[in-house]
Amino acid sequence: CVVDEAVRNAVAAGADPDRIALLDNFCWGDPLRPETMWSLLEAARGCYDGAIRNRAPFISGKDSFNNEFLTRSGQRQSIPPSLLISAIGYLADVAQAMSMDLKQPGATCYLLGEFSPAFGGSHFARLFGIPAQGSRQAPLPSPLAPALYRALHQVIEQGSIVNACHDLSEGGLAVAAAEMCIAGQLGLSLELPDDSDPWVWLFGETAGCFLVEVKAGAEAAFEAHFEAHPVLRLGSVRPHPGFHVSQAGQLLFTLPVNKLAQAWRTPLV
């Protein structure tokens with residue numbers, strides 16, 4: 001998942017998914033402890049699988065082991081195993097660089113990718129104490145995701161269809177949408193499917209998905225381009241800075257963008 005997110009970040013910014021390279025940074029405890037070595041090997045296998053699936057080579061990396069200390073009671077404590085993946089990509093024309101800020105009132109917002117949100121391992125679950133055993137685990141990236149990323153890059157390259165693009169990551173759909181509103185100081189109205197669980201759809205996390213702002217009048221071309229991929233028309237950009245979410249024609253909530261920005265800038269502790 002972390003390799004997938006690194007690649008998605010680069011593609012969302014306009015990078016060619018066929019010209020992406022990766023770097024790894026492992027921060028682990030004592031690798032001589034069997035359980036620590038096991039988790040390290042599993043993470044390395046995940047890196048391998050992600051690199052092969054995305055055809056993105058690891059060109060360098062960094063390892064930091066033995067990140068442990070003794071407590072006052074003499075017990076050995078290790079940091080949580082932490083893996084950072086960085087992606088570097090090629091952009092043929094800087095004018096084709098893509099940003100996440102909403103740009104055009106009246107433009108249409110699409111959800112792109114196999115959207116299967118879950119609270120397992122999510123930031124929402126951590127904040128609100130949702131037990132792991134009571135929540136479905138977040139899905140692995142779809143094997144079809146690299147083909148979707150190439151299709152997205154092709155439509156971004158055209159320059160006449162996509163206004164903005166943002167990948168879904170920590171916090172899920174609602175956080176990605178809020179960040180697009182904050183960056184562009186424009187509003188966004190989302191209409192959730194009638195049969196969806198609003199909390200799961202808004203704050204569950206998944207892999208391989210984007211929010212895309214499509215220029216007004218370019219919707220048919222965009223939908224035709226992604227005919228073979230999961231795509232859902234989800235809402236529209238509004239001229240007044242407010243984030244609105246509805247379901248079955250009923251407004252669930254509305255928040256002004258300045259409140260979103262204030263929450264985004266306020267430390268958690």
Side-chain angles (χ1 to χ4, degrees), residues 1-28 37-63 80-92 96-98 100 110-123 135-158 162 165-173 175-176 204-212 222 225-232:
C1 284
V2 75
V3 171
D4 177 70
E5 183 176 352
V7 171
R8 270 187 292 125
N9 277 315
V11 173
D16 183 349
D18 287 318
R19 302 187 67 178
I20 287 178
L22 304 171
L23 301 99
D24 64 74
N25 188 346
F26 291 88
C27 291
W28 248 252
M37 176 57 76
W38 176 84
S39 65
L40 176 63
L41 289 173
E42 289 299 298
R45 289 190 181 101
C47 290
Y48 172 85
D49 291 341
I52 294 297
R53 175 172 292 181
N54 291 282
R55 294 192 291 183
F58 278 92
I59 59 172
S60 186
K62 178 183 178 182
D63 305 324
S82 304
L83 173 62
L84 170 68
I85 300 293
S86 302
I88 183 170
Y90 176 77
L91 185 63
Q96 293 176 344
M98 185 57 57
M100 69 176 178
Y110 286 86
L111 175 61
L112 195 59
E114 292 193 10
F115 187 62
S116 183
F119 285 142
S122 74
H123 199 65
S135 174
R136 182 172 60 83
Q137 292 299 306
L140 294 174
S142 166
L144 304 178
L148 173 74
Y149 301 165
R150 293 183 179 92
L152 177 58
H153 178 65
Q154 291 168 1
V155 79
I156 289 176
E157 272 193 315
Q158 294 182 33
V162 176
C165 183
H166 191 21
D167 73 299
L168 272 59
S169 56
E170 291 89 351
L173 172 64
V175 171
E205 295 181 14
T206 187
C209 292
F210 303 86
L211 272 181
V212 183
F222 182 83
H225 184 81
F226 288 99
E227 186 177 10
H229 300 280
V231 60
L232 176 66

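All values below were derived from every heavy atom in this structure, side-chain atoms included, with hydrogens, water molecules and symmetry-related copies excluded.
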Participant: Partners of Arg19 by side-chain hydrogen bond (donor to acceptor under 3.5 Å, both in side chains), sequence neighbours excluded?
Facilitator: none
Participant: Is the number of heavy atoms from other residues, nucleotides or ligands within 6.0 Å of CD1 (Ile88) greater than 12?
Facilitator: no
Participant: Report yes if the side chains of Val3 and Cys1 come closer than 4.5 Å at any heavy-atom pair, otherwise no.
Facilitator: no
Participant: Does any N or O in the side chain of Ser82 come within less than 3.5 Å of the main-chain N or O of Pro80, such that one atom is a donor and the other an acceptor?
Facilitator: yes
Participant: Just do the side-chain contact (heavy atoms from CB on, under 4.5 Å) check on Cys47 and Val2 with the steps written out, would you?
Facilitator: CA-CA 9 Å; Cys47 290; Val2 75; 6.0 Å; no
Participant: For the CD1 atom of Ile59 and the CG atom of Leu23, what is their distance to the nearest 0.5 Å?
Facilitator: 5.0 Å
Participant: When the ring planes of Phe210 and Tyr149 are compared, do they come out parallel, tilted or perpendicular, using 30° and 60° as the limits?
Facilitator: perpendicular
Participant: Walk me through whether Asp4 and Arg8 qualify under salt bridge (Lys or Arg N to Asp or Glu O under 4.0 Å).
Facilitator: CA-CA 6 Å; Asp4 177 70; Arg8 270 187 292 125; 2.8 Å; yes
Participant: Could I get the full list of side chain to side chain contact (heavy atoms under 4.5 Å, CB included) partners for Ala15, not counting sequence neighbours?
Facilitator: Ala10
Participant: Identify the heavy atoms of Glu205 and Gly171 that sit nearest to each other, and give their distance.
Facilitator: OE2-N, 2.8 Å
Participant: Under a 4.5 Å cut-off applied to non-hydrogen side-chain atoms, are Leu111 and Pro230 in contact?
Facilitator: no
Participant: Lys62 vs Asp24, test: salt bridge (Lys or Arg N to Asp or Glu O under 4.0 Å). Steps then yes/no.
Facilitator: CA-CA 6 Å; Lys62 178 183 178 182; Asp24 64 74; over 6 Å; no
Participant: Can you sort out the partners of Glu42 under salt bridge (Lys or Arg N to Asp or Glu O under 4.0 Å), two or more places apart, ordered by chain and number?
Facilitator: Arg45
Participant: So His229 and Phe226, would you call those rings parallel, tilted or perpendicular, with 30° and 60° as cut-offs?
Facilitator: perpendicular
Participant: Do Asp167 and Glu5 have side chains that get closer than 4.5 Å, going by heavy atoms?
Facilitator: yes
Participant: Are Phe115 and Leu168 side-chain neighbours, meaning at least one heavy-atom pair lies under 4.5 Å?
Facilitator: yes
Participant: Verify, without hydrogens or angle tests, whether Glu170 (side chain) and His123 (backbone) share a donor-acceptor contact under 3.5 angstrom.
Facilitator: no
Participant: Side chains of Tyr90 and Asp18, heavy atoms from C-beta outward: is any pair under 4.5 Å?
Facilitator: no
Participant: Can you see which heavy atom on Ala56 is nearest to which on Leu22, and at what distance?
Facilitator: O-CD1, 3.6 Å
Participant: Any chance you could lay out the side-chain contact (heavy atoms from CB on, under 4.5 Å) test for Asn25 and Leu83, step after step, and finish with the verdict?
Facilitator: CA-CA 6 Å; Asn25 188 346; Leu83 173 62; 5.9 Å; no
Participant: Measuring from Leu152:CG to His225:NE2, what's the distance to the nearest 0.5 Å?
Facilitator: 7.5 Å
Participant: Within this structure, what is the CG-CD distance for the pair Leu140 and Glu114, rounded to the nearest 0.5 Å?
Facilitator: 12.0 Å
Participant: For Gly14 versus Leu91, what's the shortest heavy-atom pair and its separation?
Facilitator: O-CD1, 3.0 Å
Participant: Would you check if Val212 and Val231 make a side-chain contact, meaning some heavy-atom pair closer than 4.5 Å?
Facilitator: no
Participant: Does the side chain of Leu148 come within less than 4.5 Å of Leu112's, by heavy atoms?
Facilitator: yes
Participant: Pro143 versus Arg53: any side-chain heavy-atom pair under 4.5 Å?
Facilitator: yes
Participant: Begin with the C-alpha distance, continue with both residues' side-chain angles, and end with the deciding distance and a verdict on side-chain contact (heavy atoms from CB on, under 4.5 Å) for Phe58 and Ile85.
Facilitator: CA-CA 10 Å; Phe58 278 92; Ile85 300 293; 3.8 Å; yes
Participant: First locate atom SG of Cys165, then atom OH of Tyr110, and finally report the distance between them rounded to the nearest 0.5 Å.
Facilitator: 14.0 Å
Participant: First locate atom CD1 of Ile156, then atom CD of Gln96, and finally report the distance between them rounded to the nearest 0.5 Å.
Facilitator: 9.5 Å
Participant: Mark yes when over 12 heavy atoms from residues, nucleotides or ligands other than Arg150 sit less than 6.0 Å from its CZ; otherwise mark no.
Facilitator: yes
Participant: To the nearest 0.5 angstrom, please state how far the CG atom of Leu232 sits from the SG atom of Cys209.
Facilitator: 10.5 Å
